[in-house]
Amino acid sequence: MEYKFREIEKKWQTHWKESNAYKVSNNSDKPKYYVLDMFPYPSGAGLHVGHPLGYIASDIFARFKRLKGFNVLHPMGYDAFGLPAEQYAIEHGIHPAISTENNINNFRAQLDKIGFSFDWDREVKTCDPKYYKWTQWIFLQLFNSYFNRFTQKAESISQLISTFETEGNINFPCPGDASIEFEKDLWKSFTDEYQQEVLMHYRLAYCGYGEVNWCEALGTVLANDEVVNGVSERGGHPVVKKKLRQWYLRITEYADRLLQGLQTVDFSDAMKEMQTNWIGKSTGAEIIFNIGNRESSIASPLATSASRLTIYTTRPDTIFGVDFMVVSPEHELVKLITTTEQKAEVEKYIDYVNSRSERERMAEKKITGCFTGAYAINPFNAKPIPVWISEYVLAGYGTGAIMAVPCGDERDFKFAKHFNIPITNIIGDHFNGEEANDTKEAKLSNSDFLNGVVMKDAIELVVNQIETLGIGKKKINYRMRDAAFSRQRYWGEPFPIIWKDGVAIPIPESELPLQLPEVKSYSPGLEGEGPLSNIHDWIYQYEDADFIPPSGGKGVLETNTMPGYAGSSWYFLRYMDPHNAETFCNRKVSDYWNQVDLYIGGTEHAVGHLLYSRMWTKALYDLGFIGYDEPFKKLLNQGMIQGVSQIAYVQKIEFKENEKGEEASRGESNTIFVNGQVASVPEAKLQLYSSEVINEYNKDHFKPYNIPIELVSLNSANPKRNELNIKEALKKYSNRLNAIYITTTGFNYNGNWFIKKENDWVEDIYNEANQVFYVESEVEKMSKSKYNVENPDEIIAKYGADTFRMYEMFLGPVEQSKPWDTKGIEGVHRFLKKLWRLFYDEVKGPIWTESAPSLSERAGGEATAEELKTLHKTIKKIEDDTERFSFNTAVSAFMVCVNELADLKCNKREVLEPVLIMLVPYAPHIAEELWKALGNSNSILDAAFPVFDAKYVAESSKEYPVSINGKLRTTISLDINISQQEVEPIVLANETVQKWLEGKAPKKIIFVKGKMINVVI
RNA sequence: GCCCAUGUGGCGGAAUUGGUAGACGCGCCAGACUCAAAAUCUGGUAUUCGCAAGGAUGUGAAGGUUCGAUUCCUUUCGUGGGCACCA
């Protein structure tokens, strides 16, 4: 009888499905346990080997908890709205709902093959109207709430309105615009429209204006990762910033609670740190500087708010060390203060900055900036300070302006050096003139009334002085910004909002879900509006509804849709009560399941999804809909399984203006460079450079181009010299890879090689075999767009799901990222076959015996005590390793166990059966098969995890390592209970120790019981 | 640039709390079985000196703390992830 995994796995997968083995009840006497995987996005590429890593880990843990007697909720569903489906629709004319459904079916089929214990009755899909009805409903709750800073929680906006009617907003400063202040009478005098505008500044879900990446040529808004070097990734068209009306979530109001909540959850320190940094709470001061001019220390007589510059600093103590100011180039003051002489230069600089993404700006090493010609007046000593603009100051953070203190801040220091701005030293010896020193411990000098004060004490003095003088105030600042919550897209949740005369009117709950309309085209509307704006029947459908005031203009539906994270911010609640049509999740049910006990997913969600879902949970808690305000009790971050990409190069497209002011591009010319020489080629074709060529040029002019891995023969000795099969590329990927392939010696055009002969490029049919196009391997994220995806199906077909599951775990710690590699999968498969052979002999058939192992050496022989020792050692190890998510070492422990049992020729049912139970979480199919073969009638899924008994593993002696000065020299076998006093003479008598002592007495003998002995000479 | 993680044999990795570095698996070498192959089994396998016994070196690099450091500290280099519209 051999191990026929294909038959076995199919049999049990069918059986478990038919017997509803994974159905989970919301009523149980058992303790509950909730294991959740991060929502997958069902991409068209299907499941790759990276996805299941986390799912297998969570499945192992869920099954383990079930064996331990818990009622385990372990659901799966799909985060099904998203950009790729919409892009696919634009390109292929297939409705996103259809392609998404296909992708989901494909995902499901792949997941089913791996043997997961998901309760599929609880599947949720964010694009299902039955689901997004509740996403819209929660949005309305956020829309109808504000954050009460006294109670530190979300409360109803109607309460706020009554507060305004009785006391104005004196005690409730406006979070959206601090300048809005009114008393009750003034409030009552406001028009309805203005009252609504004011309320919008309070709502947790609100509408405002924000910048997007606008691509005129594509007529659409682009995601950050669709913009590369200031041009669109597709087509290479210019991209500019454009201000659009946008929805936001007022997550900043929750900043403090999001920080505090981190102390109550079991996330890794790294994760907590990332979230803390993202929130970026800092304490400092806002200081107002008047704009003056160089000669006069007196502010311009025309001083108005437009000639005052407010900066934010965390180091007000350095106020006398300010040598220049830096304002973000998009700051509204820039236009007003720039002098005529500097105007041209400033505008040129702003154009440069506009062409750059935020990330590029932050990552830029090169120091760039431009003087505005204006001076700010230091309010403490009336010193005029030059005002510069630079890309390193971002508009969205603080006030978008900083005071630069070169002696205390490295970036300011480099800026000052680069532009030859004189540096004032206020920290005496602590500043060496070579680099900035950000100490807070120095005594201040050159600092007027602060001279001699230690910096950290000066902070408070300055803040007090600023407040007394009325030129600023103490300010707590957050790096975190409100979350942009709208997308100019089709494939997302529509907002249940109608606009009429500039007022946002929520659609009544009874009208939900507000369904997406059918559309014929997914192209965007005018001026960056979403595709929905083209569907007139749809956007005007509520024009005459009775909840719309009859007078005024037309009521029109919001045409933006919600972003991907809307549906995933609360899905863990829907799994608990997925079919409820009355509410998003019954309160009794959410009280029963409570928090997610174990949440598994990648660190790439560290700040986005995890912060948003934490905020939604807090809001739902504040409003009384659920009973806890942190969604995830424990978070386990799975590493990424990376793909190995194959990289060729193309020239970067760089836009330059020619003399006529038109945009000209390089990188798509009709000349190519081969070995320092120029060849003429048709312009339209993609020009791919061999990786070998690139090493001879400046790499900055090229960017990587991913080649499908199946076209490449790998060179294991040198990963920079993998060979591309050009013929296959032209055949299989004719659209994408119909390119001119350029190597160091020639180029390939339409499948033919050309090399230089005499003075011309000639077709070379004789020398073809010598022409090789090299691509290099690079480890990066596995993704369809990088053509490096490895699919689990083939592996499962070859080795089976149990092998696949164990192999993915055996690769290494789940938290660690590693490139996918199938080396070693044979070993895991061999292990399962070896396990099988403890039960079945190929010729003899079943070989397990009913004879019981015994501790008594006389009766059963020594082997049986050994068998029990192996078993219980394994029980302890598997239990410990599984509890601490060390699945790779657990797999090793199974291997060790089976190796030992095979050596002992142990076929005893009493030993083997517990091993099978322990194996269920890891390899459920083979475990069930052998369990049933042993004659059990119930399913092994519901067996009880074996109980460890220390008496079977007790040792009477230990082989102690003996080190001399920390280096291992020998070992001595000693009684387990021996004391230091007893040890010393034995050690000193040891031959090896005597040899090293050379007759001298040791300085010290260190004895750590149960661990080691170290003799210090 | 900033934040986080990570670096150990030919390869994936182990060493859980500062205590025998390299468990387990792959690969490789040798052997058994076989007409042969597959499968399976046995032994070996960090580097280096040595016939051996036994030494020396060794956890990205350089320092430090310690009787003892892969583990703690400082500096530094490489790689991966995130940086707000991919999900």
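Throughout, a chain's letter reflects where its sequence line sits, starting with A, and its residues are numbered from 1.
- Contact detail for A/Gly602 and A/Met38: the closest heavy-atom pair is N-SD, 3.8 Å.
- Side-chain atoms of A/Ser817 and A/Gln642 form no donor-acceptor pair, as typed in the model, at a separation below 3.5 Å.
- Residues that satisfy the side chain to side chain donor-acceptor pair (under 3.5 Å) test with A/Lys1009, not counting sequence neighbours, are absent from this structure.
- In this structure, A/Trp820 reaches neither bases nor backbone, as no heavy-atom distance under 4.0 Å exists between it and the strands shown.
- Mapped onto RNA chain B by nearest heavy atom, A/Met271 and A/Arg969 fall at different nucleotides, with A/Met271 at the one closer to the 5' end.
- No more than 12 heavy atoms of other residues, nucleotides or ligands sit less than 6.0 Å from atom NZ of A/Lys414.
- In this structure, B/G55 shows a glycosidic angle more than 90 degrees from zero, which is the anti conformation.
- Residue A/Val212 is in base contact, counting any heavy-atom pair closer than 4.0 Å across all strands shown.
- Taking every heavy atom of residues 1007-1017 of chain A and every atom of RNA chain B, pairs under 4.0 Å involve A/Val1008, A/Lys1011, A/Met1012, A/Asn1014, A/Val1016, by number.
- When the C1' atom is compared between B/C67 and B/U6, the two are found 31 Å apart, to the nearest whole Å.
- A/Lys834 and A/Asn899 share a donor-acceptor pair across their side chains, judged by distance under 3.5 Å alone.
- Within a 6.0 Å sphere centred on NZ of A/Lys272, other residues, nucleotides and ligands contribute more than 12 heavy atoms.
- Extent of RNA chain B lying under 4.0 Å from chain A heavy atoms, first and last nucleotide in 5' to 3' order, is B/G1 to B/A87.
- Looking at A/Trp570, A/Tyr565, A/Tyr254, A/Trp278 one by one, the single match for ring pair (Phe, Tyr, Trp, His ring centres under 6.0 Å) with A/Tyr612 turns out to be A/Tyr565.
- The number of heavy-atom neighbours closer than 6.0 Å to CD of A/Glu991, taken from other residues, nucleotides and ligands shown, is 12 or below.
- Among the heavy atoms of the strands lying under 4.0 Å from A/Asn899 are primed sugar atoms or P, OP1, OP2 only; no base atom is included.
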